[in-house]
Each structure stands twice: as C-alpha cells, then as structure tokens.
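For reference, the structure is listed below as structure tokens.
Just so you know, these numbers use all the heavy atoms, side chains as well, and skip hydrogens, waters and symmetry mates. What you see is a predicted model, and the numbers here were worked out from it, not measured in a lab.
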Amino acid sequence: MRRDCDAFTLDVRKEEDMSEMARRTLEQYGRLDILVHCAGILRCAGTSPRPMAELSVTEWDEVLATNLKGTFLSNRLSSPR
C-alpha cells in the first residue's frame with residue numbers, strides 16, 4: 001500500500017496560496033482524498049495572551065481571517081468543481 005502525503009507552508013488567508021496547494025496536490029497525485037486543515041491562532045504573532053475585550057479590531061480580524069477564512073478557502077479550493 002502506497003502511503004504518500006505532502007505538507008505545505010502557505011498562508012491560509014490567501015486565496016492564491018490555497019489555490020497553489022490544491023494545484024500542486026492534484027498535479028502530484030491526480031486527486032485529493034483527504035484535507036487536514038489545522039491552521040488556527042488565538043492571537044497575533046508577537047503579542048501576549050489577554051482577554052478578548054482588550055484585542056484591537058485589527059488583531060481580531062487577523063484571528064478570524066486565519067481561523068475562518070483559511071478553513072473556507074482550503075475547503076472550497078480543494079473541493080471538486
């Protein structure tokens with residue numbers, strides 16, 4: 001049984017990066033059977049943990065973009081069309 005996998009270092013918030021992930025996978029294997037999307041953050045890089053009430057809107061937007069938009073893009077661009 002063949003057990004190949006790939007890992008990519010990409011920005012899940014960027015549609016181009018998620019499109020590249022799907023393209024490279026399909027190019028290498030011809031299909032995509034399983035997608036493990038495990039990118040997520042609780043705070044921006046370089047900041048310390050603190051209550052949500054103390055986050056700026058910019059920081060909250062980055063959390064949402066990584067956790068929600070990243071999931072949306074990776075699944076949408078990996079799904080059959």
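Cluster membership check: Val63 shares its hydrophobic cluster with Leu68, using side-chain heavy-atom separations under 4.5 Å among Ile, Leu, Val, Met, Phe, Trp and Tyr. Hydrophobic clustering (side-chain heavy atoms under 4.5 Å, transitive across Ile, Leu, Val, Met, Phe, Trp, Tyr) groups Leu64 together with Met52. Both Leu73 and Phe8 are members of a single hydrophobic cluster when ILVMFWY side chains are connected at heavy-atom separations under 4.5 Å.
Between the OG atom of Ser74 and the CE atom of Met21 there is a distance of 5.5 Å, given to the nearest 0.5 Å. The CE atom of Met18 lies 10.0 Å from the OG1 atom of Thr71; values are rounded to the nearest 0.5 Å.
Side chains of Gln28 and Thr25: no donor on one and acceptor on the other come within 3.5 Å.
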Could you check Arg76 against Glu15 for side-chain contact (heavy atoms from CB on, under 4.5 Å), going step by step and ending with a plain yes or no? CA-CA 10 Å; Arg76 182 174 64 92; Glu15 188 171 8; 2.7 Å; yes
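Nearest heavy atom pair, residue Glu54 against residue Glu59, reads O-OE1, 4.4 Å.
Heavy atoms of other residues, nucleotides or ligands lying less than 6.0 angstrom from CZ of Arg50 number more than 12.
Under the salt bridge (charged side-chain N to carboxylate O under 4.0 Å, His left out) criterion, Arg24 pairs with no residue, sequence neighbours left out. For Ser19, the side chain to side chain donor-acceptor pair (under 3.5 Å) criterion is met by no residue, not counting sequence neighbours.
Here the side chains of Leu35 and Asn75 are in contact, with some heavy-atom distance below 4.5 Å.
For Lys14 and Glu20, the salt-bridge test fails: no basic side-chain N is under 4.0 Å from an acidic carboxylate O.
Checked against Asp17 for a side-chain contact (heavy atoms from CB on, under 4.5 Å), the options Thr9, Leu10, Leu77 give a single hit: Leu10.
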Please tabulate, one pair per line, all N/O donor-acceptor pairs under 3.5 Å involving side-chain atoms of residues 39-47, not counting sequence neighbours.
from: Arg43; atom 1: NE; to: Thr47; atom 2: O; distance (Å): 2.7
from: Thr47; atom 1: OG1; to: Cys44; atom 2: O; distance (Å): 2.7

